[in-house]
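Input: a single structure, listed below in C-alpha coordinates.
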Amino acid sequence: MKTGSNGEIVVLELDGMIEDTGSESGFFASGYQHRQFMEMLNDAVEDPLIDGIVITMNTPGGSVVASHAIYEQVVRAKEEFDTPVYVSMAEMATSGGYYIAAGADYIMAHPATLTGSIGTVMSAGFNIADLADEWGISETTFSSGEFKQMGSPFESLTEEESELMQAIADDMYNDFTSIVAEGRGFSEEEVNTVAQGQLFTGNQALQNGLVDELGNLEDTVLHMELMLDLDATVTHYTNGSTEGSMWNVLAPLGLGAFASNKFDANRAPSLLYLHQ
(Lines give C-alpha, C1' and ligand atoms only; values in the text may rest on other atoms or scores of the structure.)
Protein backbone atom coordinates (compact mmCIF):
# COMPACT_ATOMS: atom_id res chain seq x y z
CA MET A 1 0.00 0.00 0.00
CA LYS A 2 1.24 3.49 -0.86
CA THR A 3 2.07 5.84 1.98
CA GLY A 4 -1.08 7.77 2.91
CA SER A 5 -3.35 5.73 0.64
CA ASN A 6 -6.75 4.34 1.59
CA GLY A 7 -6.22 0.92 0.05
CA GLU A 8 -8.20 1.68 -3.10
CA ILE A 9 -8.32 -0.02 -6.49
CA VAL A 10 -9.97 1.78 -9.39
CA VAL A 11 -11.69 -0.15 -12.19
CA LEU A 12 -11.96 1.70 -15.52
CA GLU A 13 -14.25 0.46 -18.28
CA LEU A 14 -13.03 0.62 -21.88
CA ASP A 15 -16.03 -0.49 -23.94
CA GLY A 16 -16.29 0.16 -27.67
CA MET A 17 -14.10 1.28 -30.52
CA ILE A 18 -11.08 3.34 -29.43
CA GLU A 19 -11.51 6.60 -31.30
CA ASP A 20 -11.44 10.26 -30.36
CA THR A 21 -14.79 11.49 -31.67
CA GLY A 22 -14.77 14.71 -29.65
CA SER A 23 -18.06 15.64 -28.03
CA GLU A 24 -20.35 14.26 -30.72
CA SER A 25 -23.61 12.67 -29.63
CA GLY A 26 -26.66 11.05 -31.12
CA PHE A 27 -27.31 7.76 -32.87
CA PHE A 28 -23.98 7.68 -34.69
CA ALA A 29 -21.89 8.57 -31.62
CA SER A 30 -19.34 6.07 -30.39
CA GLY A 31 -20.26 4.36 -27.13
CA TYR A 32 -16.67 4.85 -25.98
CA GLN A 33 -15.85 8.45 -25.09
CA HIS A 34 -12.08 8.81 -25.45
CA ARG A 35 -11.59 12.21 -23.86
CA GLN A 36 -13.65 11.27 -20.83
CA PHE A 37 -11.77 7.98 -20.48
CA MET A 38 -8.41 9.75 -20.70
CA GLU A 39 -9.46 12.22 -18.00
CA MET A 40 -10.53 9.40 -15.69
CA LEU A 41 -7.34 7.43 -16.36
CA ASN A 42 -5.13 10.46 -15.81
CA ASP A 43 -6.93 11.26 -12.53
CA ALA A 44 -6.48 7.67 -11.34
CA VAL A 45 -2.81 7.63 -12.32
CA GLU A 46 -2.02 10.86 -10.48
CA ASP A 47 -4.14 10.21 -7.38
CA PRO A 48 -1.77 9.29 -4.51
CA LEU A 49 -4.62 7.55 -2.68
CA ILE A 50 -5.07 4.92 -5.40
CA ASP A 51 -3.00 1.76 -5.08
CA GLY A 52 -3.87 0.04 -8.33
CA ILE A 53 -5.78 0.41 -11.60
CA VAL A 54 -7.71 -2.29 -13.45
CA ILE A 55 -8.85 -1.64 -17.02
CA THR A 56 -11.69 -3.92 -18.09
CA MET A 57 -11.95 -3.89 -21.84
CA ASN A 58 -14.32 -4.99 -24.57
CA THR A 59 -12.99 -3.45 -27.77
CA PRO A 60 -12.00 -4.32 -31.34
CA GLY A 61 -9.27 -1.65 -31.15
CA GLY A 62 -9.35 1.55 -33.15
CA SER A 63 -7.23 4.62 -33.75
CA VAL A 64 -3.45 4.24 -33.59
CA VAL A 65 -3.05 7.63 -31.91
CA ALA A 66 -5.84 7.11 -29.35
CA SER A 67 -4.61 3.60 -28.50
CA HIS A 68 -1.07 4.87 -27.99
CA ALA A 69 -2.31 7.71 -25.76
CA ILE A 70 -3.87 5.17 -23.40
CA TYR A 71 -0.79 2.95 -23.56
CA GLU A 72 1.41 5.91 -22.57
CA GLN A 73 -0.70 6.55 -19.48
CA VAL A 74 -0.52 2.87 -18.52
CA VAL A 75 3.27 2.97 -18.71
CA ARG A 76 3.35 6.33 -16.91
CA ALA A 77 1.31 4.89 -14.03
CA LYS A 78 3.91 2.19 -13.49
CA GLU A 79 7.09 4.13 -14.11
CA GLU A 80 6.27 7.56 -12.67
CA PHE A 81 3.84 6.73 -9.88
CA ASP A 82 4.61 3.09 -9.10
CA THR A 83 0.93 2.23 -9.58
CA PRO A 84 0.32 -1.25 -11.03
CA VAL A 85 -2.08 -1.53 -13.95
CA TYR A 86 -3.93 -4.78 -14.72
CA VAL A 87 -6.12 -5.56 -17.74
CA SER A 88 -9.24 -7.73 -17.57
CA MET A 89 -10.39 -8.82 -21.05
CA ALA A 90 -14.09 -9.43 -21.62
CA GLU A 91 -15.59 -10.62 -24.92
CA MET A 92 -12.99 -8.91 -27.12
CA ALA A 93 -9.69 -7.12 -26.65
CA THR A 94 -8.11 -7.06 -30.07
CA SER A 95 -5.60 -4.96 -31.97
CA GLY A 96 -5.51 -1.52 -30.28
CA GLY A 97 -6.98 -3.14 -27.18
CA TYR A 98 -4.10 -5.59 -27.06
CA TYR A 99 -1.63 -2.76 -27.80
CA ILE A 100 -2.80 -1.14 -24.54
CA ALA A 101 -2.82 -4.42 -22.63
CA ALA A 102 0.78 -5.14 -23.63
CA GLY A 103 1.87 -2.26 -21.41
CA ALA A 104 0.06 -3.58 -18.33
CA ASP A 105 1.64 -5.44 -15.43
CA TYR A 106 -0.80 -8.37 -15.68
CA ILE A 107 -3.41 -9.53 -18.17
CA MET A 108 -6.37 -11.79 -17.48
CA ALA A 109 -8.75 -13.09 -20.13
CA HIS A 110 -11.83 -15.30 -20.20
CA PRO A 111 -11.21 -18.62 -21.98
CA ALA A 112 -13.58 -17.44 -24.74
CA THR A 113 -12.17 -13.91 -25.04
CA LEU A 114 -11.10 -12.96 -28.56
CA THR A 115 -7.77 -11.18 -28.49
CA GLY A 116 -4.66 -10.70 -30.61
CA SER A 117 -5.20 -9.31 -34.13
CA ILE A 118 -1.79 -7.67 -33.78
CA GLY A 119 -1.29 -5.53 -36.85
CA THR A 120 -2.16 -2.31 -38.62
CA VAL A 121 -4.93 -1.39 -41.04
CA MET A 122 -4.58 1.71 -43.17
CA SER A 123 -7.99 2.69 -44.41
CA ALA A 124 -7.80 4.79 -47.57
CA GLY A 125 -11.57 5.06 -47.95
CA PHE A 126 -13.69 4.03 -50.92
CA ASN A 127 -12.49 3.98 -54.52
CA ILE A 128 -15.16 4.66 -57.11
CA ALA A 129 -12.88 5.44 -60.07
CA ASP A 130 -14.31 2.69 -62.33
CA LEU A 131 -17.90 3.58 -61.46
CA ALA A 132 -17.21 7.29 -62.03
CA ASP A 133 -15.75 6.54 -65.47
CA GLU A 134 -18.78 4.42 -66.37
CA TRP A 135 -21.19 7.15 -65.36
CA GLY A 136 -19.13 10.01 -66.76
CA ILE A 137 -18.48 11.54 -63.35
CA SER A 138 -15.26 13.42 -62.74
CA GLU A 139 -13.76 15.51 -59.96
CA THR A 140 -12.25 18.91 -60.59
CA THR A 141 -9.45 19.74 -58.15
CA PHE A 142 -6.20 21.66 -58.17
CA SER A 143 -3.26 20.51 -56.10
CA SER A 144 0.50 20.79 -55.82
CA GLY A 145 2.79 17.86 -55.16
CA GLU A 146 2.85 14.55 -56.98
CA PHE A 147 1.17 12.62 -54.17
CA LYS A 148 -1.11 15.33 -52.74
CA GLN A 149 -4.32 13.62 -53.93
CA MET A 150 -3.20 10.09 -53.14
CA GLY A 151 -6.23 8.17 -51.90
CA SER A 152 -8.81 10.20 -53.79
CA PRO A 153 -11.95 8.06 -54.36
CA PHE A 154 -11.90 9.15 -58.02
CA GLU A 155 -8.35 7.91 -58.72
CA SER A 156 -6.97 4.38 -58.47
CA LEU A 157 -3.70 4.14 -56.58
CA THR A 158 -0.59 3.78 -58.68
CA GLU A 159 1.99 1.13 -57.79
CA GLU A 160 4.24 3.79 -56.26
CA GLU A 161 1.35 5.23 -54.21
CA SER A 162 0.45 1.75 -52.96
CA GLU A 163 4.04 1.24 -51.87
CA LEU A 164 4.00 4.54 -49.97
CA MET A 165 0.78 3.58 -48.18
CA GLN A 166 2.16 0.14 -47.33
CA ALA A 167 5.35 1.69 -45.95
CA ILE A 168 3.29 3.81 -43.55
CA ALA A 169 1.31 0.76 -42.38
CA ASP A 170 4.53 -1.22 -41.95
CA ASP A 171 6.07 1.55 -39.85
CA MET A 172 3.15 1.42 -37.42
CA TYR A 173 3.21 -2.38 -37.46
CA ASN A 174 6.85 -2.31 -36.36
CA ASP A 175 5.90 0.02 -33.52
CA PHE A 176 3.12 -2.36 -32.47
CA THR A 177 5.35 -5.43 -32.47
CA SER A 178 8.06 -3.64 -30.48
CA ILE A 179 5.48 -2.71 -27.85
CA VAL A 180 4.31 -6.33 -27.62
CA ALA A 181 7.86 -7.69 -27.53
CA GLU A 182 8.87 -5.32 -24.73
CA GLY A 183 5.68 -5.78 -22.71
CA ARG A 184 5.55 -9.56 -22.95
CA GLY A 185 9.27 -10.29 -23.03
CA PHE A 186 9.13 -11.85 -26.49
CA SER A 187 12.03 -12.40 -28.82
CA GLU A 188 11.75 -11.12 -32.40
CA GLU A 189 10.90 -14.65 -33.56
CA GLU A 190 8.26 -15.09 -30.86
CA VAL A 191 6.54 -11.80 -31.58
CA ASN A 192 6.51 -12.46 -35.33
CA THR A 193 4.77 -15.78 -34.69
CA VAL A 194 1.82 -14.16 -32.89
CA ALA A 195 1.74 -10.88 -34.85
CA GLN A 196 0.33 -11.92 -38.22
CA GLY A 197 -3.08 -10.39 -37.53
CA GLN A 198 -4.58 -13.66 -36.27
CA LEU A 199 -7.16 -13.93 -33.52
CA PHE A 200 -6.68 -16.01 -30.38
CA THR A 201 -9.13 -17.27 -27.81
CA GLY A 202 -8.23 -16.63 -24.19
CA ASN A 203 -7.06 -20.25 -23.93
CA GLN A 204 -4.83 -19.87 -27.00
CA ALA A 205 -3.55 -16.48 -25.83
CA LEU A 206 -2.46 -18.05 -22.54
CA GLN A 207 -0.65 -20.85 -24.38
CA ASN A 208 1.13 -18.27 -26.54
CA GLY A 209 2.12 -15.98 -23.68
CA LEU A 210 -0.17 -13.12 -24.70
CA VAL A 211 -2.02 -13.18 -21.36
CA ASP A 212 -0.93 -14.22 -17.87
CA GLU A 213 -3.98 -16.03 -16.52
CA LEU A 214 -7.58 -16.97 -17.23
CA GLY A 215 -10.27 -15.32 -15.15
CA ASN A 216 -12.89 -12.61 -14.96
CA LEU A 217 -12.88 -9.06 -13.59
CA GLU A 218 -13.44 -10.25 -10.03
CA ASP A 219 -10.46 -12.60 -10.34
CA THR A 220 -8.33 -9.76 -11.70
CA VAL A 221 -9.15 -7.47 -8.77
CA LEU A 222 -8.52 -10.29 -6.30
CA HIS A 223 -5.12 -11.00 -7.85
CA MET A 224 -4.19 -7.31 -7.55
CA GLU A 225 -5.27 -7.28 -3.90
CA LEU A 226 -3.09 -10.32 -3.19
CA MET A 227 -0.09 -8.78 -4.95
CA LEU A 228 -0.55 -5.49 -3.07
CA ASP A 229 -1.32 -7.30 0.18
CA LEU A 230 -4.43 -5.29 0.96
CA ASP A 231 -8.19 -5.62 1.36
CA ALA A 232 -9.06 -2.83 -1.02
CA THR A 233 -11.99 -0.59 -1.58
CA VAL A 234 -12.90 -1.06 -5.25
CA THR A 235 -14.22 1.98 -7.10
CA HIS A 236 -15.70 1.64 -10.59
CA TYR A 237 -15.34 4.53 -13.03
CA THR A 238 -17.82 4.09 -15.87
CA ASN A 239 -17.10 5.70 -19.21
CA GLY A 240 -20.12 7.58 -20.57
CA SER A 241 -21.86 6.08 -23.57
CA THR A 242 -24.73 6.84 -25.89
CA GLU A 243 -27.51 4.29 -25.55
CA GLY A 244 -28.19 4.18 -29.27
CA SER A 245 -24.60 4.30 -30.48
CA MET A 246 -23.57 2.55 -33.67
CA TRP A 247 -21.12 0.37 -31.70
CA ASN A 248 -23.84 -0.83 -29.33
CA VAL A 249 -26.29 -1.51 -32.14
CA LEU A 250 -23.99 -3.08 -34.75
CA ALA A 251 -21.15 -4.65 -32.77
CA PRO A 252 -23.14 -7.83 -32.03
CA LEU A 253 -23.56 -8.19 -35.80
CA GLY A 254 -19.83 -7.78 -36.40
CA LEU A 255 -20.41 -4.43 -38.09
CA GLY A 256 -19.15 -2.00 -35.46
CA ALA A 257 -15.91 -1.30 -37.31
CA PHE A 258 -17.84 -0.75 -40.55
CA ALA A 259 -20.18 1.73 -38.90
CA SER A 260 -17.45 3.84 -37.39
CA ASN A 261 -14.90 3.80 -40.20
CA LYS A 262 -16.73 3.23 -43.45
CA PHE A 263 -19.94 5.20 -43.10
CA ASP A 264 -18.37 8.43 -44.33
CA ALA A 265 -17.22 7.88 -47.90
CA ASN A 266 -15.16 11.09 -47.71
CA ARG A 267 -13.22 9.99 -44.67
CA ALA A 268 -9.49 10.78 -44.97
CA PRO A 269 -6.93 7.95 -44.92
CA SER A 270 -6.52 6.75 -41.35
CA LEU A 271 -4.20 4.39 -39.48
CA LEU A 272 -5.97 1.86 -37.30
CA TYR A 273 -5.06 -0.84 -34.82
CA LEU A 274 -8.40 -2.51 -35.51
CA HIS A 275 -9.80 -5.98 -36.03
CA GLN A 276 -12.20 -5.73 -39.00
Side-chain angles (χ1 to χ4, degrees), residues 14 16-20 30 32 34 38 55 57-76 85 87 89 92-104 107 109 113-127 147 150-151 156-202 204-212 254 256-258 260-262 267-276:
L14 198 169
M17 182 166 163
I18 303 167
E19 188 174 27
D20 187 354
S30 171
Y32 166 76
H34 181 68
M38 289 299 295
I55 300 176
M57 61 172 63
N58 179 28
T59 177
S63 158
V64 167
V65 174
S67 298
H68 186 73
I70 301 172
Y71 168 82
E72 284 187 316
Q73 284 285 33
V74 169
V75 173
R76 179 170 174 251
V85 180
V87 165
M89 296 179 171
M92 174 178 279
T94 56
S95 210
Y98 191 78
Y99 184 100
I100 296 163
I107 306 173
T113 295
L114 289 180
T115 188
S117 189
I118 298 169
T120 308
V121 174
M122 186 168 186
S123 173
F126 289 98
N127 185 280
F147 303 108
M150 184 170 62
S156 297
L157 289 174
T158 66
E159 182 176 348
E160 188 175 5
E161 288 171 339
S162 295
E163 290 175 354
L164 288 172
M165 290 283 199
Q166 186 62 54
I168 293 171
D170 289 344
D171 185 39
M172 292 299 96
Y173 172 77
N174 291 334
D175 175 69
F176 199 157
T177 54
S178 68
I179 292 294
V180 174
E182 180 181 356
R184 303 303 299 173
F186 287 164
S187 66
E188 182 177 350
E189 181 180 357
E190 287 171 330
V191 76
N192 286 337
T193 299
V194 298
Q196 299 303 314
Q198 68 270 51
L199 288 173
F200 299 92
T201 65
Q204 293 169 332
L206 180 63
Q207 293 168 5
N208 284 280
L210 292 170
V211 304
D212 297 293
F258 175 87
S260 183
N261 287 282
K262 305 298 186 184
R267 183 183 176 94
S270 57
L271 279 166
L272 303 170
Y273 291 147
L274 177 70
H275 177 71
Q276 295 184 300

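Nothing here was measured: the structure is a model prediction, and the numbers come from that model.
Applying the side-chain contact (heavy atoms from CB on, under 4.5 Å) test to Ala205 and every residue at least two apart in sequence or in another chain returns Thr115, Phe200, Leu210, Val211. Applying the ring pair (Phe, Tyr, Trp, His ring centres under 6.0 Å) rule to Tyr71 yields the partners His68, Tyr99; only residues at least two apart in sequence or on another chain are considered. Residues passing the side-chain contact (heavy atoms from CB on, under 4.5 Å) test with Asp171: none are found, sequence neighbours excluded. Partners of Arg76 by salt bridge (charged side-chain N to carboxylate O under 4.0 Å, His left out), not counting sequence neighbours, listed by chain and number: Glu46, Glu80. Here Asp170 pairs with nothing under the salt bridge (charged side-chain N to carboxylate O under 4.0 Å, His left out) rule; sequence neighbours left out. When the side-chain contact (heavy atoms from CB on, under 4.5 Å) test is applied to Thr201, the partners found at least two apart in sequence or on another chain are Asn203, Gln204. Listed by chain and residue number, Asp175 satisfy the side-chain hydrogen bond (donor to acceptor under 3.5 Å, both in side chains) test with Tyr273 (two or more places apart in sequence, or in another chain). Glu190 is linked by a side-chain contact (heavy atoms from CB on, under 4.5 Å) to Phe186, Ser187, counting only residues two or more places apart in sequence or in another chain. With sequence neighbours excluded, no residue forms a side-chain hydrogen bond (donor to acceptor under 3.5 Å, both in side chains) with Asn208. Remark: Asn192 pairs with no residue by the side-chain hydrogen bond (donor to acceptor under 3.5 Å, both in side chains) rule, at least two apart or across chains.
Listed here is the closest heavy atom pair of Ala109 and Gly202: CB-CA, 4.3 Å. Scanning all heavy atoms of the two residues, the minimum distance from Ala104 to Val87 falls at CB-CG2, 3.8 Å. Of all the heavy atoms in Met38 and Gln73, the pair that sits closest is CE-CG, 3.7 Å. Thr113 and Met89 get closest at one heavy-atom pair: OG1-O, 3.4 Å. The shortest non-hydrogen separation linking Gly119 to Ser95 is O-OG, 3.5 Å.
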Verdict with supporting geometry, Arg184 and Ile107, side-chain contact (heavy atoms from CB on, under 4.5 Å): CA-CA 10 Å; Arg184 303 303 299 173; Ile107 306 173; 3.6 Å; yes
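Between the side chain of Thr94 and the backbone N or O of Pro60, at least one donor-acceptor pair lies under 3.5 Å. With hydrogens and angles disregarded, no donor-acceptor distance shorter than 3.5 Å links the side chain of Glu182 to the backbone of Ala102. A donor-acceptor contact shorter than 3.5 Å links the side chain of Thr177 to the backbone of Asn174. In this structure, the side chain of Tyr173 engages the main chain of Ala195 through a donor-acceptor pair within 3.5 Å. Checked by atom type and distance alone, the side chain of Thr59 pairs as donor or acceptor with a backbone atom of Gly16 at under 3.5 Å.
Between Val191 and the choices Ile179, Ile118, Val180, the side-chain contact (heavy atoms from CB on, under 4.5 Å) rule is met once, by Val180.
We find the CZ-OG distance between Phe176 and Ser117 to be 7.5 Å, quoted to the nearest 0.5 Å. Between atom CG of residue Asn58 and atom CE of residue Met17 there is a gap of 14.0 Å, rounded to the nearest 0.5 Å. Annotation: the span from Glu72 atom CD to Ile100 atom CD1 amounts to 11.5 Å, rounded to 0.5 Å. Taken from CD1 in Ile18 to CD1 in Ile70, the straight-line distance is 5.0 Å, to the nearest 0.5 Å. Between atom OH of residue Tyr32 and atom CE of residue Met57 there is a gap of 9.5 Å, rounded to the nearest 0.5 Å. The distance from atom OG of Ser63 to atom CG of Leu272, rounded to the nearest 0.5 Å, is 7.0 Å.
The environment of Glu189 atom CD is sparse: at most 12 non-hydrogen atoms of other residues, nucleotides or ligands sit within 6.0 angstrom.
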